There are 2 protein chains.
Amino acid sequence: MKQQNSQTEEKILEAAEKIFLRDGYGDARMQDIADLAGINKALLHYYFRSKDNLFEYIFEKKISVMFPKMEELFGQNLSFYETICAFIEKYVSILADNPYMPFFVMSTINRADRKDFIKKLPVSLNQKLIELYMKDLSEKKVREVNPIQLIISIISMCAFPFMARPVIKEITKIDEEQFKMLMNFRVAEIQQYIKYILIPNS
Amino acid sequence: MKQQNSQTEEKILEAAEKIFLRDGYGDARMQDIADLAGINKALLHYYFRSKDNLFEYIFEKKISVMFPKMEELFGQNLSFYETICAFIEKYVSILADNPYMPFFVMSTINRADRKDFIKKLPVSLNQKLIELYMKDLSEKKVREVNPIQLIISIISMCAFPFMARPVIKEITKIDEEQFKMLMNFRVAEIQQYIKYILIPNS
DNA sequence: GTCTATACTTCGATAGAC
DNA sequence: GTCTATCGAAGTATAGAC
């Protein structure tokens, strides 16, 4: 029955996503995915030929969610600083809903035999963003910094804490709920940093 | 011969470190370690009973290198800002010599069955550092920010780029040599950020 | 201490019945 | 489409000779 088909497929995808994100490719077990989906291993292979195949499917699906379309931010011509602020808010909010993503992406990319997955990342050096910086710089609206280093810093500050989440929770003795709050407060904190860094006499 | 003993053990440790750091526990192969050490698998088990055992040994050895003794920085009473600057320089320099460490630590910690490894990390909330901030704040030498968030941000900016190294290299089209330079320049860049963030009217 | 050969285990994948 | 049973590859660990 077609109805059954897609229902099972849906269950598999849901389970696969959860397991792969939590464990990464190497540590993920087809058995665990089958168990979580409430089916058996054979059926997994019936729907998705191999583990590799299933993984690739999940990776591509999640990766497109992970990197917000920057285009939307360029709509109502904001300043460089305002664009960055909007990005930070959006990015942290996405990560809060997908806390395993940063580690998932990094563990995939760092695997020797998965180097080609880098090419699947919908990231680029966003020329538009750098042009926006240059424009604001020429008008003295922002200080002179290296825009590449700044962008790396912003992504670092947003994404890294999610990877270090177990460590942060341990040493600050907070639970999952409080960690979420910490990341919530963090948005304004990072925006404030960027203001101090970019805006003269702020 | 005792001479032979320690020589072989030394070769094993050297090889194990390289493989474990590059691949993480799950993807590392005892065969690869044996090959790199120029011996066979059986001998690995003769020296270190199991893969788990060998891994734990390497982890504990490297982790102590990874986290610089902050104590040394408190020696000649620097200001909070100066202490942070010294830390950044030292930390990035260590990471540049051990570029796989951030990912190695994170992948170990994130493994479901290795959660207890968190307790092996020689990190703590360094009360001394926060006290130093409070002192400088009371003297209006620094702006008011959340010191915990700031520390998280600094570690993020230093460590994350090493995890994202393959991605950064890919999208900026630079090679290993140039990446090292990028991280070298980065020290001053981050220190500058911290100055803008912390020091009023800077 | 070191090696070869092999046992044991885990896990992805497939065959075949229903 | 779904299940049970089983294969085969890969990888850790050990036995036993030298």
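Predicted, not measured: the structure shown is a model, and the values here were computed from it. Lettering follows sequence order; numbering is per chain, from 1.
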Participant: Under the criterion ring pair (Phe, Tyr, Trp, His ring centres under 6.0 Å), which of B:F55, B:F162, B:F117 is the partner of B:F104?
Facilitator: B:F55
Participant: Taking only residues two or more places apart in sequence or in another chain, which ones pass salt bridge (Lys or Arg N to Asp or Glu O under 4.0 Å) with A:E131?
Facilitator: none
Participant: Decide, yes or no, whether a salt bridge links B:D52 with B:R114 under the criterion of side-chain N to carboxylate O below 4.0 Å.
Facilitator: yes
Participant: Does atom CZ of B:F74 have more than 12 heavy-atom neighbours, drawn from other residues, nucleotides or ligands, at distances under 6.0 Å?
Facilitator: yes
Participant: A:I19 has an atom CD1; how far is it from atom C1' of C:dG12, in whole Å?
Facilitator: 16 Å
Participant: If I take atom CG in residue A:D23 and atom P in nucleotide C:dT10, what distance separates them, rounded to the nearest angstrom?
Facilitator: 17 Å
Participant: Give a yes/no answer on whether the side chain of A:N40 brings an N or O atom under 4.0 Å of OP1 or OP2 in D:dC3.
Facilitator: yes
Participant: Without decimals, in angstroms, what is the distance between A:I33 CD1 and C:dC11 P?
Facilitator: 13 Å
Participant: In chain order, what residues pass the salt bridge (Lys or Arg N to Asp or Glu O under 4.0 Å) check against B:D35, with sequence neighbours excluded?
Facilitator: none
Participant: Can you measure A:L43 atom CG to C:dA15 atom P for me and round it to whole angstrom units?
Facilitator: 16 Å
Participant: Could you give the CD-to-C1' distance, from A:E10 to D:dG1, as a whole number of Å?
Facilitator: 17 Å
Participant: Salt bridge or not for B:D27 and A:R111, using N-O below 4.0 Å?
Facilitator: yes
Participant: If the sugar-phosphate is the primed atoms plus P, OP1 and OP2 and the base is the rest, what is the B/S/- string for nucleotides 11-18 of chain D, using protein heavy atoms under 4.0 Å?
Facilitator: SBBBB---
Participant: May I ask you to evaluate whether B:T8 reaches the phosphate of C:dT2, defined as a side-chain N or O under 4.0 Å from OP1 or OP2?
Facilitator: yes
Participant: Atom CG of B:L44 to atom P of C:dT4: distance rounded to whole Å?
Facilitator: 14 Å
